There are 2 protein chains.
Amino acid sequence: MGQTAVRTLRADAERSVRVILEAAERVLAEDPGASMEQIAATAGVARTTIHRRFANRQALIEALASSAARQLAQAVDDGRPDTAPPLVAMHRITANVLQVKGAWAFALELPTEPGSEAAVLQQHIARRCITVLERARADKLIDEAADLDWVRRVYYALLRESLQDDPAGADPDALAARVIDTLLQGAGPRA
Amino acid sequence: MGQTAVRTLRADAERSVRVILEAAERVLAEDPGASMEQIAATAGVARTTIHRRFANRQALIEALASSAARQLAQAVDDGRPDTAPPLVAMHRITANVLQVKGAWAFALELPTEPGSEAAVLQQHIARRCITVLERARADKLIDEAADLDWVRRVYYALLRESLQDDPAGADPDALAARVIDTLLQGAGPRA
DNA sequence: GTGAACTGCAACAGGTCTGATGCGGATATG
DNA sequence: CATATCCGCATCAGACCTGTTGCAGTTCAC
């Protein structure tokens with residue numbers, strides 16, 4: 001809980017926070033041990049400005065994780081996981097998530113502190129994911145005996161792998177299609 | 001190339017190198033930014049001893065990566081990827097690799113310097129992997145139209161995911177079976 | 001337009017880490 | 001057993017990073 005909006009920030013201050021978080025993502029993704037100075041330089045901001053907004057390094061990182069997790073949760077909910085047909089929801093969610101994860105890869109791989117906002121959001125997302133998988137199973141898209149927790153982990157792993165080489169390369173819909181296809185059919189011969 | 005065995009080390013020195021590398025793996029896995037002091041303490045060795053064997057932090061890490069990569073290459077070759085029936089080879093290799101990757105998870109996830117020994121070994125391993133997949137495809141275990149490079153990456157991702165929760169928990173053969181099954185069939189309904 | 005909020009700059013203190021050195025004592029090896 | 005090798009310990013200098021403070025100048029917001 002770095003600084004839970006004690007009072008509404010002025011417009012320029014809000015902008016500072018945004019550019020700092022974006023810079024932190026870029027810099028830390030390349031070198032997780034990078035200094036505040038490097039983050040500040042990338043953000044085009046003085047180091048002291050960072051310390052004014054974030055009490056310390058950890059607070060900055062927690063804010064980064066929370067911010068990214070909120071965007072990810074939004075991306076999932078936008079796919080209407082509870083109402084859309086399972087296969088459609090899976091596709092839409094996958095494409096959305098790939099976009100967000102591509103932009104916030106470091107922040108979203110961060111280990112979450114048990115009680116933190118990021119952790120709560122991640123759990124919420126995981127539940128949504130399980131829900132969709134259950135609906136897919138009910139539609140015979142997934143084997144009845146499948147361990148959905150394992151399926152969900154495989155799904156996460158496929159998402160991660162998809163983003164490894166294509167930072168912003170291919171069409172997100174094409175990547176999403178490959179992920180879903182691999183998840184449901186594997187590499188074996190098609191029917 | 002930290003110190004490419006200029007001269008054969010004395011038996012106790014060789015042992016020191018081993019315990020240092022093992023400690024480095026354990027400590028850095030938990031905190032990649034851990035200090036040499038912490039590694040030394042875990043190894044039960046003075047910090048100066050580490051500096052005597054490894055010129056600097058980077059040399060230690062490269063040695064760690066090389067050592068782990070050698071063991072991994074051995075684990076792959078032990079599965080007879082060129083001669084055993086593809087499915088058998090895949091099983092054996094997967095079980096072997098899970099063992100080694102479980103013990104050297106940090107070292108094997110390290111980004112490899114382009115020309116380094118570790119990089120060369122990783123490429124060798126990747127080629128072996130592709131070879132096995134080609135043989136599996138020839139046996140109709142894998143779809144004819146499949147992109148084997150993608151299949152290999154999915155395979156790697158499944159291995160990684162398998163090791164996430166079970167540090168040394170379940171039977172490696174059971175984990176291997178699940179990995180292969182998921183790779184070839186995905187989560188969809190069984191035939 | 002006025003005041004509060006925000007920023008950059010400079011400087012400081014405190015801490016941690018690295019890599020090096022020298023020495024006395026222990027240990028392996030032939 | 002003789003000696004080259006190895007280790008632990010104490011110590012050092014240098015570098016880097018963090019978090020803080022004060023001030024002067026700019027910018028938003030009412």
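From a predicted model like this one, the values you see are computed outputs, not experimental measurements.
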Exercise. Would you please confirm or rule out a distance under 4.0 Å between OP1 or OP2 of dG8(D) and any side-chain N or O of Thr49(B)?
Key: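 Affirmative; the distance criterion is met.
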
Quiz item: Given dG19(C), is OP1 or OP2 found less than 4.0 Å from the side-chain N or O atoms of Arg57(B)?
Solution: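 No, outside the criterion.
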
How many whole angstroms separate atom [atom1] of [X] from atom [atom2] of [N]?
X        : N       : atom1 : atom2 : result
Glu14(B) : dT5(D)  : CD    : P     : 15 Å
Asp12(B) : dC7(D)  : CG    : P     : 6 Å
His51(B) : dG14(D) : NE2   : P     : 17 Å
Leu60(A) : dG19(D) : CG    : P     : 10 Å
Glu37(B) : dA10(D) : CD    : P     : 12 Å
Ile50(B) : dG19(C) : CD1   : C1'   : 12 Å

Looking at [N], does its base get a donor-acceptor pair with the side chain of [X] below 3.5 Å?
X        : N       : value
Arg10(B) : dT27(C) : yes
Arg52(A) : dG8(C)  : yes
Thr48(B) : dC7(D)  : no

Quiz item: Does the ring of Tyr156(A) carry Arg152(A) above it, NZ/CZ under 6.0 angstrom from centre and within 45° of its axis?
Solution: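 Arg152(A) over Tyr156(A) ring: yes.
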
Quiz item: With a 4.0 Å cut-off, would you call Asp181(A) and Arg190(A) a salt bridge?
Solution: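 A salt bridge is present here (some side-chain N lies under 4.0 Å from a carboxylate O).
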
Exercise. Would you mind telling me which of dT29(C), dC7(D), dT18(C) lies closest to the side-chain atoms of Ala11(B)?
Key: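 Among the listed nucleotides, the one closest to the side chain of Ala11(B) is dT29(C).
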
Practice problem: Using a heavy-atom cut-off of under 4.0 Å over every strand shown, decide if Arg47(B) touches base, sugar-phosphate, or nothing. | Solution: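 Base contact.
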
Quiz item: How would you label the contact of Gly33(B) with the nucleic acid (heavy atoms, under 4.0 Å): base, sugar-phosphate, or nothing?
Solution: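 Answer is nothing: Gly33(B) stays at 4.0 Å or more from every strand.
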
Quiz item: Minimum heavy-atom separation for Val132(A) to Pro81(A), with atom names?
Solution: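 Heavy atoms of Val132(A) and Pro81(A) come nearest at CG2-CB, 3.4 Å.
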
Exercise. Show your working on side chain to side chain contact (heavy atoms under 4.5 Å, CB included) between Leu184(B) and Leu87(B) and close with a plain yes or no.
Key: CA-CA 10 Å; Leu184(B) 295 181; Leu87(B) 202 53; 4.0 Å; yes

